Number of protein chains: 2
Amino acid sequence: MKDGPDIARIAALIGDPARAAMLTALMDGAALTPTELAAEAGVTKQTASAHIAKLEAAGLTAREVQGRHHYLRLADGDVATVLEALMTVAERRGGRRTRPGPADPALRYARVCYDHLAGAQGVALYDHMQRKGWIADGPVLTDTGARAFEDLGVDIAALRAKRRPVCRACLDWSVRRHHLGGGLGQAVLTRFEEMGWVRRAAASRVITFTPTGKTAFAAFLR
Amino acid sequence: MKDGPDIARIAALIGDPARAAMLTALMDGAALTPTELAAEAGVTKQTASAHIAKLEAAGLTAREVQGRHHYLRLADGDVATVLEALMTVAERRGGRRTRPGPADPALRYARVCYDHLAGAQGVALYDHMQRKGWIADGPVLTDTGARAFEDLGVDIAALRAKRRPVCRACLDWSVRRHHLGGGLGQAVLTRFEEMGWVRRAAASRVITFTPTGKTAFAAFLR
DNA sequence: TTCATGGTTCGACCGTAGCCGAACCATCTG
DNA sequence: CAGATGGTTCGGCTACGGTCGAACCATGAA
């Protein structure tokens, strides 16, 4: 009865609570697996699989298969735009499901995004890597970058041997900036933990810097 | 299971074909009545009423009651933003429900929006009224404006006697500009028809200018 | 090869939500 | 006042779609 693109189809897709939870989780820019998405949405793997199939068929998400793992991400910046716009209107009227008060600033400061560092500190790290020429467009790790991280104790050669891409830019929705993802992102966060720079909270996604870690990280970014 | 605003709720609201059709119709910026919206969506008045109640409860639409008529419009610019974003992604992937080929440019040029002139020509008229000082902020019709339209044969006094607001700015989504709505908008379009300047197509919303009408309208905008 | 893990497919169940007919209320007109 | 028109409410029907248990494929590890 009406011309124009088929809005209802994709709005209905986002309109299911489980799928909405999945898409919201993907807003971080991270690539998540079906199992993780199932956990985010609070459903079983089978139903998650069905939901993902629909999202993918509609072109809202894209998939990358690595071994037996499937990584899903938002297909597009446009999709993120829709979600943002929806958040804007949803927030204003009866914005239930609000974020926990004290956790919010902590999350913005530093949190785990899939398995690497996100938030303001994650962005700061990525910016520094760009300034120092540790990464080039792609993004790919440069030789100087590799050396810098090896000095920190990260085994770059081992990373390159794995299937997972070493370097990956991860869009941080809350800040609209990139942070470091990929195998290196994971390795760096692990290394930070080993060195006692950071601690990961049990149930939440918050990352806390220890006093030593705070100064050491600041020095590393010099 | 997930923090953040309740996206799913309002996405589901837009996700119903009938409601989506209604909202799309309202994108013109016009205020439509429940009966008209029912026609747009292809449902009966009762179901339309139910849909509208939900949209209103969620704060997506606002209502203005004038006598026994109820005028509905989008609540907000944010709502329009969501619809636009949805159109963007819906258009790109499997954009079925595409506009009819030849009608599209015609619609953009001149069409009826509720009961008045929209499209490029509608915007041109509104712009001219602003330049000439025929309307002031509000918008309200100025004395010079009233005289100009009376010269054209429009009975301004009769318009003022009615309940319906004389002057109304109507946001044209396709052009992102305003055109003339309200009682005056209706009266002007009617007058154009009487003078043989324009013809309204039967089933569609397209307005065609006659050769005489085209030159006369251009002269009027001088 | 065998086992464990990650993902998908199938089938069946169930609830919710859209839809309409009919009746009802409100406002304007004559 | 009565009649007409615009909107809403109510009740009941129907169907679509989300959900999970169980079985099935594929990959990687021992």
Side-chain angles (χ1 to χ4, degrees), chain A residues 1-2 6-23 26 31-58 60-73 114-115 161-164 183, chain B residues 1-2 7-23 26 31-58 60-73 114-115 158 161-164 183:
Chain A
M1 276 298 166
K2 188 62 193 161
D6 194 354
I7 276 188
R9 193 172 114 76
I10 72 146
L13 233 34
I14 308 176
D16 176 78
R19 285 191 293 259
M22 293 180 181
L23 291 171
L26 291 175
L32 300 180
T33 69
T35 318
E36 290 165 328
L37 287 175
E40 284 285 347
V43 295
T44 61
K45 289 196 295 187
Q46 318 101 5
T47 61
S49 183
H51 285 308
I52 292 166
K54 290 184 182 180
L55 291 174
E56 214 169 352
L60 295 187
T61 61
R63 175 184 310 229
E64 187 171 340
V65 180
Q66 289 176 12
R68 66 176 161 186
H69 295 270
H70 296 206
Y71 292 99
L72 300 169
R73 55 178 176 76
Y114 182 26
D115 61 0
K162 295 194 179 178
R163 279 239 189 123
R164 184 173 181 189
Chain B
M1 274 295 168
K2 188 62 194 163
I7 276 187
R9 193 172 113 75
I10 71 148
L13 234 36
I14 308 177
D16 177 78
R19 285 191 294 260
M22 294 179 180
L23 291 171
L26 291 175
L32 300 181
T33 69
T35 318
E36 289 165 328
L37 287 175
E40 284 285 348
V43 296
T44 61
K45 290 195 295 189
Q46 317 102 14
T47 61
S49 182
H51 284 309
I52 292 168
K54 291 183 182 180
L55 291 174
E56 212 168 355
L60 296 188
T61 61
R63 175 183 312 230
E64 188 172 340
V65 180
Q66 289 176 11
R68 66 178 159 183
H69 295 270
H70 296 206
Y71 293 98
L72 300 168
R73 55 179 175 76
Y114 181 27
D115 61 1
K162 296 194 179 177
R163 281 241 186 120
R164 184 174 181 187

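Each chain gets a letter, A, B and so on, in the order its sequence line appears, and its residues count up from 1. Keep in mind that this is a model prediction, so the values were computed, not measured.
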Inset, instruction - Measure the distance from CD1 on I52(A) to C1' on dG17(D) and round it to the nearest whole Å. - result: 17 Å
Legend entry - d(NE2, H70(B); C1', dT5(D)) in whole Å: 12 Å
Legend entry - Value rounded to 0.5 Å, distance of OG1 in T47(A) from CZ in R19(A): 10.5 Å
Legend entry - Between dT16(C) (C1') and R9(B) (CZ): distance, integer Å: 16 Å
Inset, instruction - Taking only the side-chain heavy atoms of T47(B) (C-beta and beyond), determine which of dG7(C), dT8(D), dC20(C) contains the nearest atom. - result: dC20(C)
Inset, instruction - Could you check how far NE2 of H51(B) sits from C1' of dC19(C), rounded to whole Å? - result: 8 Å
Legend entry - Nearest-0.5 Å distance that lies between atom CG in L55(B) and atom CG in L72(B): 9.0 Å
Inset, instruction - Please state whether the phosphate of dG7(D), meaning OP1 or OP2, lies under 4.0 angstrom from any side-chain nitrogen or oxygen of R63(B). - result: no
Legend entry - Upstream residue (5' side of DNA chain D) when Q46(B) and A12(A) are each assigned their closest nucleotide: Q46(B)
Legend entry - Proximal nucleotide (of dG18(C), dG7(C), dC20(D)) relative to the K45(A) side chain: dG7(C)
Inset, instruction - Between dC20(C), dG18(C), dG7(C), spot the one nearest the side chain of T35(A), thanks. - result: dG7(C)
Legend entry - Separation of dT9(D) P from E56(B) CD (nearest whole Å): 11 Å
Legend entry - Of the listed nucleotides dT8(C), dT5(D), dG7(D), the one nearest the side chain of R68(B): dT5(D)
Inset, instruction - Can you tell me the distance, in whole Å, between the NE2 atom of H69(A) and the P atom of dA4(C)? - result: 17 Å
Legend entry - OP1 or OP2 of dG6(D) under 4.0 Å from side-chain N/O of T33(B): no
Legend entry - Rounded distance [0.5 Å steps], CZ in R68(B) versus OG1 in T33(B): 12.0 Å
Inset, instruction - Check the distance between dA17(C)'s P and L13(B)'s CG and give it to me in whole angstrom. - result: 11 Å
Inset, instruction - Report the nucleotide, chosen from dC19(C), dG7(D), dC20(C), that has the shortest atom-to-atom distance to any side-chain atom of P34(B). - result: dG7(D)
Inset, instruction - Mind checking the CD1-CD1 spacing from I14(B) to I14(A)? Nearest 0.5 Å is all I need. - result: 8.5 Å
Legend entry - Euclidean distance, L32(A) CG relative to H70(A) NE2, rounded to 0.5 Å: 14.5 Å
Legend entry - A18(B), nearest nucleotide to its side chain (from dC19(C), dC20(D), dG7(D)): dC19(C)
Legend entry - Selection from dG17(D), dT8(D), dG18(C) that lies nearest to any side-chain heavy atom of K54(A): dG17(D)
Inset, instruction - Send over the distance from D16(A) CG to dC16(D) C1', rounded to a whole Å. - result: 13 Å
